[in-house]
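Worksheet: the structure to be examined is printed underneath.
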Amino acid sequence: MARYNAKTTEAKWQAAWAAAKTFEAVEDRQKEKYYVLEMFPYPSGRIHMGHVRNYAMGDVVARYKRAQGFNVLHPMGWDAFGLPAENAALEKQVHPAKWTYENIANMREQLQSMGLSLDWSREFATCDVEYYRHQQKLFLDFLKHDLAYRRESWVNWDPVEHTVLANEQVIDGCGWRSGAPVERRQLSQWFFRITAFQDELLEALDDLERWPEKVRLMQANWIGRSEGARLRFAVQQATGQQAAEIAVFTTRPDTIFGASFLALSPDHPLTSELADKNPDVAAFVAECQRQGTSEEVIEKAEKLGLDTGLRAQHPFLPDVELPIYVANFVLIEYGTGAIFGCPAHDQRDLDFARKYDLSVLPVVVPDGSDSIGFSVGNEAYVGPGRLANSEFLDGLSIDDAKSEIAGRAEAGGFGSREIMYRLRDWGVSRQRYWGCPIPVVHCDSCGVVPVEEADLPITLPEDVTFEQAGNPLDRHETWGAVACPACGKPAQRETDTFDTFVDSSWYFARFCSPRAETPLDASAVDYWMPVDQYIGGVEHAILHLLYARFFTRAMEKCGHVRVSEPFAGLFTQGMVCHETYRGEDGIWLEPTEVERTDSGDIRRLDNHSTVTVGRSEKMSKSRKNVIDPEDIIERYGADTARWFMLSDSPPERDLEWTDGGIEGAWRFTGRIWRIIEESITSLPTAGSPAPLQLSDNAVALRRLTHQAMGAVTDGIERFQFNVSVARLYELANALAAFKANGGDDTTGERWAQREAIETLVLMIGPMMPHLAEEAWQALGLDGLLADAPWPKADPALLVEASITIAVQLNGKMRATLDIEPDQSEDTVREAALALEKVKSAIGDKAVRRVIVVPNRIVNIVA
RNA sequence: GCCCCCUUGGCGGAAUUGGCAGACGCACGGGACUUAAAAUCCCGAGACUUAACAGUCGUCCCGGUUCGAGUCCGGGAGGGGGCACCA
């Protein structure tokens, strides 16, 4: 046997799997299906370590489930629309389609070098007309079912480039390219009615048992259901004009007697009305609109307000009028776009009140304080307590007071109980070229008219230019001109394209029947859906996953699928991190630009100057702490890269890339090969029957083998691949150390050794598939390892003859006790008390109590 | 600012979910093999005290529950992720 050559061996088995169509999924109703899916990549051009980790994990699951006998679907595709292609078009003068498809070709080759058990026959890209034509059909169905509509909404507007900016393109309130201060602007946009399913989306979270608790919690918070009250305040009209009203939503109606002001959003209709008449208000609104649209920006900004001069009547106190402010922190998108401020019990309101010198009256007093002695300083009191300073509410609990206010408001006709959601409808319009065109037409006579289904697909024009800013579709001379589908008169195509989150909201379903003439083939979807295990980054915990859940329900409503939840199991993996390096000039250095000297410090490779080593951070181009997977696969092979990705770090946590770690993984591949090489000539032939008698030595190895089967399987089932890896190391260590005693027992020992080696090879299969396949062949076993069943532990071999249990005295470890398992409590207690070490530790103290935990521990209380 | 998560030796981490803390790997030290190196193999190792036997401390910090806490509860510190047009 020759030294293991990863490069040639990996290519050989990749070709063998492809030739045998091993991983092409075929619907087979006789077999139980298992759908494994990793979040498909954006085709940036090169895979990065995050992809390697993600796909290595998915492949473990896919290959393991295959070995368990499941009919596995494990597809791959490309999330191919999006901004980077347009940026590339601008910077490199290359058409987005060309750039994207070239990137896909490159990345496909890189992924294939990883030896993943993917069904490449199902591959597609979301920018394929054959994909997005069906997305357009789905949109038309959504329109029919009132799940899509058009309305005005706010965007970040770059006044120089005349374009809408993504939040990430807004840096410190300015456009990233123009540097001009960004404005908030209203634009007519398409929305998906995700709020139609808000209750369902919230409640169904409880049933997603194989989702991480944190993701479910984040989604629940995102939907943000809160019970409260809507209260209407009459606006005092000094001039005797027609009375106006301001509706306010609050989750704390109980604090109404502590109210000291009302605040309107700068975008509130009443604010706009005031701004028309009052230049101060107009100026303030304009100032607020210079902020971006992101919640983060608005929340972090200094709280500013402007007194409108208007006063609102307190609904329960005839003598009290509240000033009405316009405030920059009131969001028009949430609630009614207006609030009442109770400074004593809300931190934001308190900050605002201190700034504008408004009264702070505590109306909830913690138990144990009295209403006179309790005051609020610079920290609002948001805890529990009883009502005070609140007329008829005094002495009530918060809950009772909320209910009392809501009841009185309802009776008085100026308010009602209300449930509010933080969730807003999903804006899907993008003023960009490289996305799926929205299939509608704007007609002067008929308004917005959907394109006829027979006229689909609406394809993107190819002859576009990117020199000018803004949407090339708007500038295109002929593409937009079209006859109105309703009246036939000249009309304009919609030039907005879909948010790329739309593309990724149904690709998982399309994989079931990727070449179907309809968006989805019912029979295929019924068989394969839902995805049994979905794997991807936690950064998608809210938006992508929530949109996909909505989209599946929407497709269900339109009759395309019969499931409402797309992902039965979800796993969110951690990031891949690496140390960062900076030269003396403070410029980031790549790992390839530095070296570790013999004394252990890091120097520049070229001029040996000092390098500052920074902490480990997520690999990113900007910090240059990137390791290229292609280099690693070229040097060590895919198996080594995959093994390292699965070792050490628990999958949900961040993984730290180290040279030592990859070297260790590489040594292990060599070690496995050596173990086989050194023993192969002395092993019995494949399939030899078990000898009747086995020596203790052989039985001990068998026990270890079967314990490893149990532990490795358990690790994979629980997504603790690092633990499975550790158990595989142990089995390999035991095998490397195993020596046959010789003599009469040799046959049995060699048999046990073969069993252990075959087990090891089978179990590294999902992690290092090429090495395992090569070893399988070397061991003289038939067929492909990829088709071999997973080993199953013999329960009889898992039982130990003797176990060691700890003996504690007053909770401190004092001795250990070797004893047969499952002894009676009395036996264990007596044996523990009889130990010399225990007797001397107890001394002359009286034993008051002995706690015996079967097969675990004895604790003597003295 | 709001929401969520994480914190265990020099490092990554394990601990059957409340029962022997530190499995396994990395880095390190010692040894074997070698003319030498590499590769490989064997041994060692949480910290402190001790010649040794052994003992004390120890899972970010403070407090609590318990016979027993890395694990549960309350408070705090540090680090990270998300915040609706990046994907």
Side-chain angles (χ1 to χ4, degrees), chain A residues 39-42 44 79 81-84 155-156 164-170 189 212-215 217-218 220-222 224 293-301 303 329 333 347-348 351 422-432 499-501 504 537-544 546-547 572 574-575 577 600 615 617-618 644 647-650 652-656 658-665 667-668 670-671 674 711 714 720 722-723 725-730 733 736-737 804-813 815-816 848-851 853 855-862:
Chain A
M39 291 179 184
F40 65 164
Y42 179 80
S44 59
D79 188 12
F81 276 133
L83 265 184
V155 295
N156 295 311
V164 176
L165 297 178
N167 281 335
E168 76 155 12
Q169 297 172 323
V170 180
Q189 311 229 69
E213 189 55 44
K214 65 168 176 178
V215 174
L217 191 61
M218 279 193 266
N221 288 337
W222 188 257
T293 57
S294 89
E295 189 172 316
E296 184 189 0
V297 166
I298 291 167
E299 286 283 329
K300 275 188 177 166
K303 310 288 176 279
F329 62 89
E333 307 268 11
Q347 192 59 45
R348 234 170 13 184
D351 295 343
R422 208 183 76 96
L423 183 68
R424 308 196 298 257
D425 277 333
W426 171 17
V428 294
S429 280
R430 296 294 181 269
Q431 294 68 40
R432 307 193 192 289
D499 176 7
T500 57
F501 272 126
S504 56
V538 72
E539 66 273 18
H540 293 293
I542 300 175
L543 291 182
H544 163 59
L546 193 62
Y547 291 153
T572 53
M575 301 178 301
C577 300
R615 29 166 275 206
E617 294 188 70
K618 178 184 180 174
F644 176 51
S647 322
D648 292 359
S649 293
E652 71 278 9
R653 288 226 216 137
D654 290 349
L655 176 141
E656 163 116 24
T658 59
D659 294 344
I662 189 73
E663 288 283 341
R667 277 202 295 274
F668 185 66
R671 189 152 199 241
R674 221 172 301 117
D714 191 51
Q720 291 188 302
N722 55 322
V723 179
V725 164
R727 298 290 93 86
L728 288 166
Y729 268 114
E730 280 175 349
N733 289 347
T804 304
I805 62 179
V807 182
Q808 296 182 332
L809 178 65
N810 297 329
K812 286 197 182 206
M813 243 279 282
T816 56
R848 288 189 286 144
R849 200 177 152 192
V850 181
I851 291 134
V853 182
N855 298 337
R856 275 290 160 73
I857 202 165
V858 178
N859 191 11
I860 299 158
V861 187

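Proteins get letters first, then strands, A, B, ... in listed order; numbering begins at 1 in each. Below, each value reflects all heavy atoms present in this structure, side chains not excepted, and no hydrogens, waters or symmetry copies.
Legend: residues meeting ring pair (Phe, Tyr, Trp, His ring centres under 6.0 Å) with A:His540, ordered by chain and number and at least two apart, are A:His544. Listed by chain and number, the residues in a ring pair (Phe, Tyr, Trp, His ring centres under 6.0 Å) with A:Tyr729 are A:Trp643, A:Phe668 (sequence neighbours excluded). By the ring pair (Phe, Tyr, Trp, His ring centres under 6.0 Å) test, A:Phe501 is found to be paired with A:Tyr547, residues two or more places apart in sequence or in another chain being considered. Here A:Glu617 pairs with A:Arg623 under the salt bridge (Lys or Arg N to Asp or Glu O under 4.0 Å) rule; sequence neighbours left out. Applying the ring pair (Phe, Tyr, Trp, His ring centres under 6.0 Å) criterion to A:Tyr42, with sequence neighbours excluded, gives no partner residue. Taking A:Gln169 as the reference, nothing meets the side-chain hydrogen bond (donor to acceptor under 3.5 Å, both in side chains) condition, with sequence neighbours excluded.
Residue-level contact check: A:Phe501 touches the bases, meaning some heavy atom is under 4.0 Å from a base atom. Among the heavy atoms of the strands, none lies under 4.0 Å from A:Pro41. Contacts of A:Glu213 with the nucleic acid, taken as non-hydrogen atoms under 4.0 Å apart, are absent. Within 4.0 Å of A:Val861, counting heavy atoms only, lie sugar-phosphate atoms of the nucleic acid but no base atom. A:Ser504 comes within 4.0 angstrom of no nucleic acid atom, judged by non-hydrogen atoms across all strands.
Taking both residues in full, the closest heavy atoms of A:Gln189 and A:Ser429 are given as OE1-CB, 3.3 Å, listed atom of the first, atom of the second, then distance. Considering every non-hydrogen atom in both A:Asp499 and A:Gly427, the closest pair reads OD2-O, 4.2 Å. Of all the heavy atoms in A:Ser504 and A:Phe40, the pair that sits closest is CB-CE2, 3.6 Å. The shortest heavy-atom contact between A:Ile805 and A:Val858 is CD1-CG2, 4.1 Å.
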Run the side chain to side chain contact (heavy atoms under 4.5 Å, CB included) check on A:Phe329 and A:Glu299 step by step: do they pass?
CA-CA 6 Å; A:Phe329 62 89; A:Glu299 286 283 329; 5.7 Å; no
Take A:Asn722 and A:Asp648, measure what side chain to side chain contact (heavy atoms under 4.5 Å, CB included) needs, and give me the verdict at the end.
CA-CA 5 Å; A:Asn722 55 322; A:Asp648 292 359; 5.7 Å; no
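Salt bridge A:Lys214/A:Glu652: absent, no basic N to carboxylate O contact under 4.0 Å.
With its glycosidic angle more than 90° from 0, B:U49 adopts the anti conformation. The glycosidic torsion of B:G9 lies within 90° of 0, placing the base in the syn range.
A gap of 9 Å separates the C1' atoms of B:G58 and B:A21, to the nearest Å. Atom C1' of B:A51 sits at a distance of 22 Å from the matching atom of B:C57, rounded to the whole Å. For the C1' atoms, the distance from B:G12 to B:U66 is 33 Å, rounded to whole Å. Separating the C1' atom of B:G13 from that of B:G22 is a span of 9 Å, rounded to the nearest Å. The same atom, P, is picked in B:G78 and in B:C73; the two are 22 Å apart, to the nearest Å. Comparing the same atom, P, in B:A32 and in B:U50 gives a spacing of 31 Å after rounding to whole Å. Here the separation of B:U59 from B:C72, taken at their P atoms, is 15 Å to the nearest Å. Separating the C1' atom of B:C20 from that of B:A15 is a span of 11 Å, rounded to the nearest Å.
A:Arg671 has its side chain within reach of A:Asn733: a pair of non-hydrogen atoms, C-beta onward, lies under 4.5 Å apart. Between A:Ile851 and A:Val861 the shortest side-chain heavy-atom distance falls below 4.5 Å.
Atom pair A:Phe329:CZ and B:G1:C1' shows a separation of 12 Å (rounding to whole Å applied). The distance between atom CD of A:Gln347 and atom P of B:C2, rounded to the nearest whole Å, is 8 Å. The distance between atom CG of A:Asn221 and atom C1' of B:C5, rounded to the nearest whole Å, is 13 Å. Put simply, CZ on A:Arg348 is 9 Å from P on B:C2, counting in whole angstrom units.
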Nucleotide N/O to protein N/O under 3.5 Å, stretch nucleotides 55-58 of chain B:
from  : atom 1 : to       : atom 2 : distance (Å)
B:C57 : OP2    : A:Lys812 : NZ     : 3.0

Got a list of protein N/O to nucleotides 45-48 of chain B N/O distances below 3.5 Å?
none

Please tabulate the protein-to-nucleotide N/O contacts below 3.5 Å involving nucleotides 80-83 of chain B, giving atom names and distances.
from  : atom 1 : to       : atom 2 : distance (Å)
B:G80 : OP1    : A:Arg615 : NH1    : 2.9
B:G80 : OP1    : A:Arg615 : NH2    : 2.7
B:C83 : N4     : A:Glu296 : OE1    : 3.3
B:C83 : N4     : A:Glu296 : OE2    : 3.1

Taking only nitrogen or oxygen atoms into account, show me every contact under 3.5 Å that the protein makes with nucleotides 6-10 of chain B, one pair per line with its distance.
from : atom 1 : to       : atom 2 : distance (Å)
B:U7 : OP1    : A:Arg653 : NH2    : 2.8

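With values rounded to the nearest 0.5 angstrom, A:Leu655 atom CG is found 8.0 Å from A:Cys577 atom SG. Distance check, rounded to the nearest 0.5 Å: CH2 of A:Trp426 to CG of A:Leu543 gives 9.5 Å. Rounding to the nearest 0.5 Å places CD of A:Gln720 at 7.5 Å from CG of A:Asp714. Here the straight-line distance linking atom CE of A:Met575 with atom NZ of A:Lys618 works out to 6.0 Å at 0.5 Å rounding. Distance check: A:Met218 CE to A:Leu546 CG gives 12.0 Å after rounding to the nearest 0.5 Å.
Checked by distance alone, A:Glu652 brings no side-chain donor or acceptor within 3.5 Å of a matching partner on the base of B:C5.
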Do nucleotides 18-29 of chain B as a string where each nucleotide becomes B, S or -: B if the base has a protein heavy atom under 4.0 Å, S if just the sugar-phosphate does, - if no protein is that close.
-BB--BSSSS--
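Ranked by how close their nearest RNA chain B nucleotide is to the 5' end, A:Leu217 and A:Lys303 are led by A:Lys303.
The side chain of A:Arg430 places an N or O atom within less than 4.0 Å of a non-bridging phosphate oxygen (OP1 or OP2) of B:C85. Residue A:Thr500 has a polar side-chain atom (N or O) positioned under 4.0 Å from OP1 or OP2 of B:A87. Side-chain N/O atoms of A:Gln189 include none lying less than 4.0 angstrom from OP1 or OP2 on B:C85.
A stem is defined here as three or more consecutive Watson-Crick or G-U pairs, each with both distances under 3.5 Å; for RNA chain B these stems are B:1-7 with B:77-83, B:10-12 with B:24-26, B:28-32 with B:40-44, B:46-49 with B:54-57, B:60-64 with B:72-76.
A donor-acceptor pair is defined here as one N or O able to donate and one able to accept, closer than 3.5 Å; such a pair exists between the side chain of A:Asn810 and the backbone of A:Ala862.
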